[in-house]
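What follows is one structure encoded as structure tokens, with my remarks underneath.
Keep in mind the model is a prediction, meaning the values are calculated, not measured.
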Amino acid sequence: MSWLPIALVAVPLLGAVAAFVPAVRDSAVAWGVAVSAAVLVLTVALAAVFDYARPAEMQLQTDWPWIPGLGLRFHLGVDGVSLPLVVLTALLVFLCFVHLAGHPPAGGRVSGLVVTLLVLEVGMLGTFLALDLLLFFVFFEVVLVPMYFVIALWGGAGKRSAAVKFILYTLLGSAVLLIGLLVVWTQAGTLDMVALAGHHGAGIARSAQILAFLAIGLGLAVKTPMWPLHTWLPDAHTEAPTVGSVLLAGVLLKMGSYGFARIAIPVLPEGAAALAPWLGAFAVAGIAYGSLACLAQRDLKRMIAYSSVGHMGFVLLGFASLTPVGLNGALFGNVAHGLITGLLFFLAGAVKERYGTADMVRLGGGMLRRLPYVGSLLTFACVASLGLPGLAGFWGEMLTLLGAFRPAAGLSRPLFLVFMAVGGLGMVLTAAYFLVMLSRVTHGRAVETVAPAAPLEPAAPLAPAQPDESPGPPLATAEGVREVLSELGEGAEPVEPVATEAAVADAAEAGQGRRPFRDATVYELAAWLPLVALIVLFGLWPKALLAVTTPAVQSLLGSGVAP
């Protein structure tokens, strides 16, 4: 079954090429659903044939000569560290295509988006399967251009600047990462990640390990992202379309943290031990900063983006502890964050589509009464993200803090106890900003708004009311909305809407100046409910994931790093 990793990379690549065929291009979204479903089936088969009695061993390997003159090989495989992320990637891509089936992109060019997402899947899966350092770097870079176009072509009003910031930051990080990988190559004489991890730094001088860990860590930290290298993330998430935000948070951020577990810590243990206190310090700074920044946000998507900075800070703190417990917490937090934040961005996109804005003040509250399914699922996702026991978000953060409570031998325990205290404060702040957001959006009294997607002059004015009719407020005007708000109750904040074709058509059909809302659609529930189920499953049965990662983590750490 060693062909399975090759098929996981080849199927989406062939699917992207086939999407250029005119017959396929006409039904591009259906094709994307079919191809991503095939990839998901292959990942399920990969998980089914995986030998769970030996999760620490690299399995289903493919090892072919790639560039013999340089000793480069096309080496793929999977173990207990990479398997959960491979399955998570295939699942999220499939759910994004299911979402697209009911919500075509606002910018058109559907076939282009399908091709871009399939190429993106190639890079994401290849990163988690690669076992050659240069091959890892190639797949790591493949994702940059597709994600750039996802943001720049199908994003919001500030999409171009957000896309440029994304590509510049990540390319700079990749350049530094490449330098670190070349240092490892020159010192160890091989790029084989399995052999390098098995040697646990043997043959690489301590000074070279520190230099290489610094370079590799900085390159990975940009993608993770670690404070203060995170500034590209809020803009990218805010402007990206829903599927772009889901994959960016659910998978691309995991590529950076996966590099710490797969390369930086096992290959460079002395460098990791020397720089672990700095990694922990930046991690807890990100936890505190992300949580405080969330409290100051008005935009729902931007708040969720800053929450990712805080949650990924917990992942980095787990790596900094250099203990099996801490690394298990980091890997569990990776998967939990992918599930929960993916669901949050799906829901944020649904809210913005219905209201025409993600501004929490303009949303006006009352979502649980107006949209009970969307509001209930948003509440569930927020409660899961703040770390409620019994849901997946709890275990990653708790294990990470436990790892900081007893760090590896040679690390300062008083310093890591401070890190643990700051992390605990971050959990309190996380609960605070999510509860504040829910009180603004899902509770309270509903305030009607006209959804402004883009300024547009109506083709023709609506017919005026007849004298014998009881006229309502003028449609799609500021005065009309003020009159509606005055009927809803005093103290409501007026808004300044902009007329759109949809708003005018809805108003004409409904006979009033308010846009009718619809609750969750079949396509949306099909994309959301699998994530809900997995969040509950891993929350109630964490052993389902920890039994796979624990032996692999112990093997990666080796005897010279962890006690």
Side-chain angles (χ1 to χ4, degrees), residues 1-21 24 27-52 54-55 57-67 72-98 100 111 114-143 145-147 192-194 243 247 250-252 254-255 258 262 335 338 530 548 552:
M1 302 294 286
S2 60
W3 56 270
L4 277 173
I6 301 175
L8 285 174
V9 176
V11 169
L13 181 60
L14 294 176
V17 173
F20 288 101
V21 177
V24 175
S27 56
V29 175
W31 176 251
V33 172
V35 174
S36 60
V39 175
L40 181 59
V41 170
L42 289 172
T43 59
V44 172
L46 182 75
V49 301
F50 186 83
D51 186 355
Y52 293 93
R54 302 180 295 111
E57 297 181 18
M58 201 60 65
Q59 303 180 31
L60 304 172
Q61 294 187 58
T62 296
D63 191 3
W64 295 341
W66 182 21
I67 306 178
L72 305 181
R73 307 188 67 81
F74 189 81
H75 193 183
L76 303 177
V78 65
D79 67 349
V81 172
S82 56
L83 178 63
L85 294 173
V86 170
V87 177
L88 175 67
T89 301
L91 175 64
L92 286 179
V93 173
F94 172 69
L95 296 181
C96 283
F97 276 113
V98 171
L100 277 180
S111 60
V114 169
V115 171
T116 305
L117 292 180
L118 290 176
V119 174
L120 188 63
E121 186 174 26
V122 173
M124 294 185 298
L125 288 172
T127 300
F128 299 133
L129 293 170
L131 296 178
D132 180 275
L133 286 180
L134 191 59
L135 186 62
F136 170 88
F137 180 78
V138 169
F139 282 122
F140 196 82
E141 295 304 290
V142 164
V143 304
V145 174
M147 183 53 71
D192 188 280
M193 293 161 64
V194 178
V243 293
L247 293 179
V251 182
L252 262 71
K254 312 304 173 289
M255 293 168 56
Y258 172 77
R262 176 60 69 203
V335 176
V548 179

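Nearest heavy atom pair, residue Phe136 against residue Met193, reads CB-SD, 4.2 Å. Across all non-hydrogen atoms, the minimal contact from Ala552 to Asp79 is CB-OD2, 4.4 Å. The minimum heavy-atom distance between Val87 and Ala47, with the atom names listed, is CG2-CB, 4.5 Å. In this structure, Val335 and Pro84 approach most closely via the heavy-atom pair CG2-CB, 3.9 Å. Nearest heavy-atom pair across Ser111 and Ala28 is CA-CB, 3.5 Å. Smallest separation of non-hydrogen atoms from Gly338 and Leu92: O-CD1, 4.0 Å.
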*How far apart are the C-alpha atoms of Leu135 and Leu72, what are their side-chain angles, what is the distance that settles it, and do they pass the side chain to side chain contact (heavy atoms under 4.5 Å, CB included) test?*
CA-CA 8 Å; Leu135 186 62; Leu72 305 181; over 6 Å; no

*Apply side chain to side chain contact (heavy atoms under 4.5 Å, CB included) to the pair Val39 and Leu125, showing each step before the final yes or no.*
CA-CA 10 Å; Val39 175; Leu125 288 172; 3.7 Å; yes

*Taking it one step at a time, do Val251 and Phe128 satisfy side chain to side chain contact (heavy atoms under 4.5 Å, CB included)?*
CA-CA 10 Å; Val251 182; Phe128 299 133; 3.9 Å; yes

*Chi angles and distances behind the side chain to side chain contact (heavy atoms under 4.5 Å, CB included) call for Lys254, Tyr258*: CA-CA 6 Å; Lys254 312 304 173 289; Tyr258 172 77; 5.6 Å; no

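Judged by distance alone, with hydrogens and angles left aside, the side-chain atoms of Gln59 form no donor-acceptor pair with the main-chain N or O of Val49 at under 3.5 Å. At least one donor-acceptor pair under 3.5 Å links the side chain of Thr89 to the backbone N or O of Leu85. Judged by distance alone, with hydrogens and angles left aside, the side-chain atoms of Thr62 form a donor-acceptor pair with the main-chain N or O of Ser2 at under 3.5 Å.
Val138 is linked by a side chain to side chain contact (heavy atoms under 4.5 Å, CB included) to Trp66, Val142, counting only residues two or more places apart in sequence or in another chain. By the side chain to side chain contact (heavy atoms under 4.5 Å, CB included) test, Leu14 pairs with no residue at all, sequence neighbours left out. Residues passing the ring-ring contact (aromatic ring centres under 6.0 Å, His included) test with Phe94, sequence neighbours excluded: none. When the ring-ring contact (aromatic ring centres under 6.0 Å, His included) test is applied to Phe97, no partner is found at least two apart in sequence or on another chain. Glu141 pairs by the salt bridge (charged side-chain N to carboxylate O under 4.0 Å, His left out) definition with nothing, not counting sequence neighbours. Here Tyr52 pairs with Phe50 under the ring-ring contact (aromatic ring centres under 6.0 Å, His included) rule; sequence neighbours left out.
Here the CE atom belonging to Met124 is positioned 12.0 Å from the CG atom belonging to Leu129, to the nearest 0.5 angstrom. Between Leu40 atom CG and Glu121 atom CD the span is 9.0 Å, to the nearest 0.5 Å. Taking CG of Leu131 as the reference point, atom CZ of Phe74 lies at 10.5 Å (rounded to 0.5 Å). How far CH2 of Trp3 is from CG of Leu42: 6.0 Å, rounded to the nearest 0.5 Å. Remark: Ser36 OG to Leu100 CG distance equals 9.5 Å, nearest 0.5 Å. The CH2 atom of Trp64 sits 12.0 Å away from the NE2 atom of His75 when rounded to the nearest 0.5 Å.
Looking at Leu8 and Thr43, their side chains come closer than 4.5 Å, going by heavy atoms from C-beta outward. Between Leu76 and Gln61, the closest side-chain pair of non-hydrogen atoms is not below 4.5 Å. Using a 4.5 Å heavy-atom threshold, the side chains of Val11 and Val35 count as touching. Counting heavy atoms from C-beta on, the side chains of Leu247 and Cys96 come closer than 4.5 Å.
The pair Arg73-Asp132 does not count as a salt bridge, with every side-chain nitrogen at least 4.0 angstrom from each carboxylate oxygen.
The one candidate from Val119, Leu117, Leu252 that meets the side-chain contact (heavy atoms from CB on, under 4.5 Å) condition with Met147 is Leu252.
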